[in-house]
Amino acid sequence: MRRQFGETRSVIERRHALISPDSHEVTPMPGWPGARIVVVISPQMGAQFSQFFAGMPEGAIARAPAQGVERFVFVLEGAVSLQTDGRTERLEAEAYALVPAGMAHEIKAETAARLVVLEKRFVPLAGAAHPELVVGQVNAQPKRAMSEDGLLGVRKLIPVDERFDCEVNVMEFQPGGSLPYVETHFVEHGLLMLGGGGVYRLDDAWYPVAEGDVIWMGPYCPQWFGALGATPSRYLIYKNWNRDPLPG
Ligand code: UGY
Ligand code: MN
């Protein structure tokens with residue numbers, strides 16, 4: 001929805017950002033011919049990763065990212081096929097893939113499709129093997145309780161394994177559920193509200209958030225979420241982790 005008189009809910013601060021759909025800017029992107037790309041989080045903002053939406057018309061094909069960059073793809077609408085050396089996977093809504101750095105691949109829109117994509121420079125760990133391709137479906141992952149009141153659960157989309165330098169989770173809040181405490185941590189987040197809504201605390205500001213909103217939380221941004229409304233709230237959340245803050 002386009003607002004009048006120069007209003008938007010988007011806010012860009014030094015250590016956090018909220019990007020609401022009303023301020024999306026469509027850009028072309030090399031490697032994504034024909035797609036409508038909206039970059040919502042990027043290093044230009046202060047993040048160490050990028051997060052973008054890709055609206056692909058049927059038949060469009062995306063190529064692999066730059067050398068050393070890993071890619072997480074989550075299907076919001078439609079269907080794509082992910083082709084890697086010797087393997088083709090069909091991904092429909094709520095399916096996802098983590099394509100390790102250096103893996104040749106193509107993403108083809110089997111129907112018109114909308115994706116959210118996260119990319120980061122992979123941080124290898126001495127002694128650990130290179131990660132493998134991960135493909136999955138949100139609901140196939142077990143929901144683990146994350147609060148004593150039973151109102152918050154998390155589904156981990158990537159194996160908990162030192163080979164991986166990031167995690168992507170879906171957090172599910174029943175109405176009235178919240179993060180148990182205000183978190184402060186050295187890792188950063190890219191978040192997409194998948195449904196429902198509530199209030200997100202970022203630094204010393206409290207923002208109403210709803211489906212389609214994107215949040216960047218930089219290192220040490222104090223953060224808390226409380227779900228409001230009659231239906232559950234869900235968000236997709238990335239974080240860099242599993243690596244020492246002082247790399248050798
Ligand atoms: O995993 C996390 O750090 C997560 N609980 N943070 C968040 O939801 N803002
Ligand atoms: Mn956190």
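Whatever order the structure lists ligands and atoms in, that order sets their numbers, starting from 1.
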(message) Quick test of your reading: applying salt bridge (charged side-chain N to carboxylate O under 4.0 Å, His left out), list the pairs with at least one residue in residues 75-87, sequence neighbours left out, ordered by first then second residue.
(response) Arg87-Glu89
(request) Scan Glu110, Lys108, Arg90 and name whichever one has a side-chain hydrogen bond (donor to acceptor under 3.5 Å, both in side chains) with Ser81. (result) Glu110
(request) Looking only at distances, please establish whether an N/O atom of ligand 1 is found under 3.5 Å from an N/O atom of His185. (result) yes
(message) Using heavy-atom distances only, which candidate in Glu183, Met171, Met146, Glu167 approaches atom 3 (O) of ligand 1 most closely?
(response) Glu183
(message) Any carboxylate oxygen within less than 4.0 angstrom of a Lys/Arg side-chain nitrogen, looking at Glu132 and Arg163?
(response) yes
(message) If the contact criterion is a heavy-atom separation under 4.0 Å, does Trp224 count as touching ligand 1?
(response) no
(request) Could you list which atoms of ligand 1 come closer than 4.0 Å to a heavy atom of Tyr200? (result) 7 (C), 8 (O), 9 (N)
(message) Tell me whether the NZ or CZ atom of Arg15 lies within the 45° cone about the ring axis of Tyr220 and under 6.0 Å from its centre.
(response) no
(message) Can you report which non-hydrogen protein atom sits closest to atom 2 (C) of ligand 1, along with the distance?
(response) Lys239 NZ, 3.3 Å
(message) Using a strict threshold of under 4.0 Å (side-chain N to carboxylate O), is an ion pair present between Asp203 and Arg14?
(response) no
(message) Would you say that Met171 contacts Leu152 through its side chain, given a criterion of any heavy-atom pair below 4.5 Å between the two side chains?
(response) yes
(request) Report the part of Leu179 (side chain from C-beta onward, or backbone N, CA, C, O) that has a heavy atom under 4.0 Å from ligand 1; answer both or neither where that applies. (result) side chain
(request) Identify, by atom number and element, the atoms of ligand 1 in contact range of Gln223, meaning under 4.0 Å from any of its heavy atoms. (result) 6 (N), 7 (C), 9 (N)
(message) Donor-acceptor pair, distance only, cut-off 3.5 Å: does the side chain of Trp224 make one with the backbone of Leu179?
(response) yes
(message) Tell me the contacting part of Ile237 for ligand 1: side chain, backbone, both, or neither, using a 4.0 Å heavy-atom threshold, strictly below.
(response) side chain
(message) Is the shortest side-chain heavy-atom distance between Leu118 and Arg71 below 4.5 Å?
(response) no
(request) Would you tell me which option among Trp241, Phe225, Tyr238, Tyr235 has the nearest heavy-atom contact to atom 8 (O) of ligand 1? (result) Tyr235
(message) Salt bridge or not between Lys239 and Glu188? Use side-chain N to carboxylate O under 4.0 Å.
(response) no
(request) Tell me how many protein N, O or S atoms are closer than 2.8 Å to the Mn ion (ligand 2). (result) 4
(request) Inspect the contact between Glu167 and Lys156 and indicate whether a charged nitrogen and a carboxylate oxygen are less than 4.0 angstrom apart. (result) yes
